[in-house]
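Inspection log for the structure reproduced underneath, given as structure tokens.
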Amino acid sequence: MLELKGENQFKCRAYYAGARKIETLPTSVTELVATDQLAAQAGIGKALTEKIVELVTTGRLPYHERIKAELPEGLFDLLRIPDLGPKRVRTLYDKYDIDSLAKLEYVAKCGQLKDVPGFGAKTEQNVLQGIQMLKKMRGQYLLVDAVAVAQEIVARIQTTADPQRISIAGSVRRMKETVQNVDVVASGDTTRIMDALAQWERVEAVTARDKTQCSVVLDTGMGVELRVVPLASFAFALLYYTGSKDHNKKLQDRATSQFGYTLDASGLYAGEDEKPIECGSEEEVYRALDLDHIPPEMREDSGEIDLAAGASVPSLVSQEDIKGLIHMHTTWSDGMNSIEEMACAAEQLGYGYIVITDHTTSSHIANGLTEERLKQQWKEIDAVNEKVPGIRILKGAEVDIKPDGTLDYSDEILKKLDVVIVALHAGFKGDRETITGRVVKALSNPHVHIFAHPTGRLLLGREPYAIDMEAVIRAAGENGKVMELNANPNRLDLNWQHLKLCREYGVKVSIDPDAHRVDGFGCMPFGIGTARRGWITSSDAINTLDVDALLKTLHKK
DNA sequence: GCCGTTTTCGGCCCGACTGTTTTCAGTCG
């Protein structure tokens, strides 16, 4: 908001720095306030201390409220458009009274935006594209946020309404990377179960409620659909409300055409007299249709039913298969925790190894390591390996692919690393041939192992760069390289379609946390869920190998 | 707004890229 008001940029940066400090504190800000330790933190001075203390002790900050009241809400939507930052948004508002997406779209569509000083024809087109992107994303939520909501709702119902059965359903259960709402199916005391949801403090409005369904909207705008069904229908309802629609349709067609059954959300019925066939689980429903069980993540009608009919559903990768974590950052570059802290945290979680992959020279903003600093880092890794014997720490790097497709480190350095990850961090606006060419060239380097966050997309934030993913996957296959499945909930990159392509080309996948702090390891379930959507098995991945097998696989010539 | 000091001002992470300009501002990572 200070940026929008045109405040001194360094003052704005001080607020960013302060916020970052608070976010990465090992202790809670409340505790620091209570013990008078706040002002001792680097980056938190007199002014920020006063404001934070006020906020923590009273729960309010009039300074913040005052500035907020001065700025129209719509300006924050404008800021989400790529290429529009505080300066341009401020110009639009001050000079042209544009304070909403709708007004901006109108002006751009009339061709008047290009005449605003600092704007032009290209920017006008980019803005219109950005508005389209935002429209597409409206009402969509990240899987990680939806899972948190779903789990809390299930826990609430379990503690207050004693359900006979309850489960998350819908696209959240299928681990779709972004979702529109949360679905929950339960059996038990309908009134108590629905009350448990309807009386949750985060419920903004109950939009529908009858004997079978309770729909609410949460404070974030996210919708929740709770279905309460008879116990005998639970498995059928869970199957039905998990979807996908296309998967259900195929199942229903199969039930009718092959068995003369009727399948719906309430049950499976045989013959003319519609005699119900009892099923207590989804497995039993599939079995009644002469199918193997199909994991929820696979239910997208992309060939899974044929596999199940042929008893060849793959055994998908699961958390238990993951032996180690590849791709993480430390305080050596832009991470928040030391090598030792990352190692101890991973050890506690039961992993056998981690690979430290800090940024390289070109990533100035991320404090990328020169070859010289990298060598110093190796000494610390050696020392921590001695100190923390329960886990093996490997040496790696996330190496920038430069504009010409060459790499940021010399081959002499690269060949000494255990794991070399390459990635694009600049030049995202290049055309398809250019970007694909850069990556294919990088993958031809014999010392490279993994291509990280291949599409560069940020879910609900940034479209992928223009890249021919099939060409890249083919090149990875020809060169024996590995494609990353970045488990960061904002990325989940590769997506499930690309992962299936990797399987087709025999290209292995690395399911990586890309952690910038110890908490970052918590994203692995989302990576694994996405892997399962792409039919990835334990043997399709590399971090399902123990450390010796991993090194042998990566370094075989 | 923060910080350090050659200590109460002056600099603050920084380079690439784009599209606007016609020498550079704004945005991004």
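All of these numbers come straight from a predicted model, not from anything done at the bench.
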Determine whether more than 12 heavy atoms belonging to other residues, nucleotides or ligands lie under 6.0 Å from atom NZ of A:K87.
no
Are more than 12 heavy atoms from other residues, nucleotides or ligands located less than 6.0 Å from atom CD of A:E386?
no
Nucleotide B:dT27, atom P - distance to OH of A:Y16 in whole Å
11 Å
Interatomic distance where CG belongs to A:D431 and P belongs to B:dC17 [whole Å]:
13 Å
Pair A:N367, A:S333: side-chain N/O donor-acceptor within cut-off below 3.5 Å
no
Only counting residues at least two apart or in another chain, list the ones meeting side chain to side chain donor-acceptor pair (under 3.5 Å) with A:R202.
A:D219
Base, sugar-phosphate, or nothing: which does [X] touch, judged by heavy atoms less than 4.0 Å apart?
X	answer
A:A47	sugar-phosphate
A:A17	nothing
A:P117	nothing
A:R90	nothing

A:S362 vs B:dA16: side-chain N/O to OP1/OP2 distance below 4.0 Å:
no
Does A:R462 make a side-chain N or O approach to OP1 or OP2 of B:dG29 shorter than 4.0 Å?
yes
If the condition is side-chain contact (heavy atoms from CB on, under 4.5 Å), which residues does [X] pass it with, not counting sequence neighbours?
X	value
A:E504	A:L501
A:E50	A:K46
A:Q9	A:R13

Watson-Crick or G-U wobble partner for B:dC17, using a 3.5 Å limit on both distances?
B:dG26
For [N] versus [M], give the span between their [atom1] atoms, rounded off to a whole number of Å.
N	M	atom1	answer
B:dC13	B:dG4	P	13 Å
B:dC12	B:dT18	P	27 Å
B:dC14	B:dT21	P	29 Å

Option among A:I339, A:N337, A:I356 that satisfies the side chain to side chain contact (heavy atoms under 4.5 Å, CB included) test with A:M328
A:I356
In residues 50-69 of chain A, what residues come within less than 4.0 Å of DNA chain B, judged by heavy atoms?
A:K51, A:Y63
I'd like to compare against my own output: the B/S/- annotation of nucleotides 4-15 of chain B with a strict under-4.0 Å heavy-atom distance to protein.
--------BB-S
Parallel, tilted or perpendicular: ring planes of A:H453 versus A:H327, cut at 30 and 60 degrees
tilted
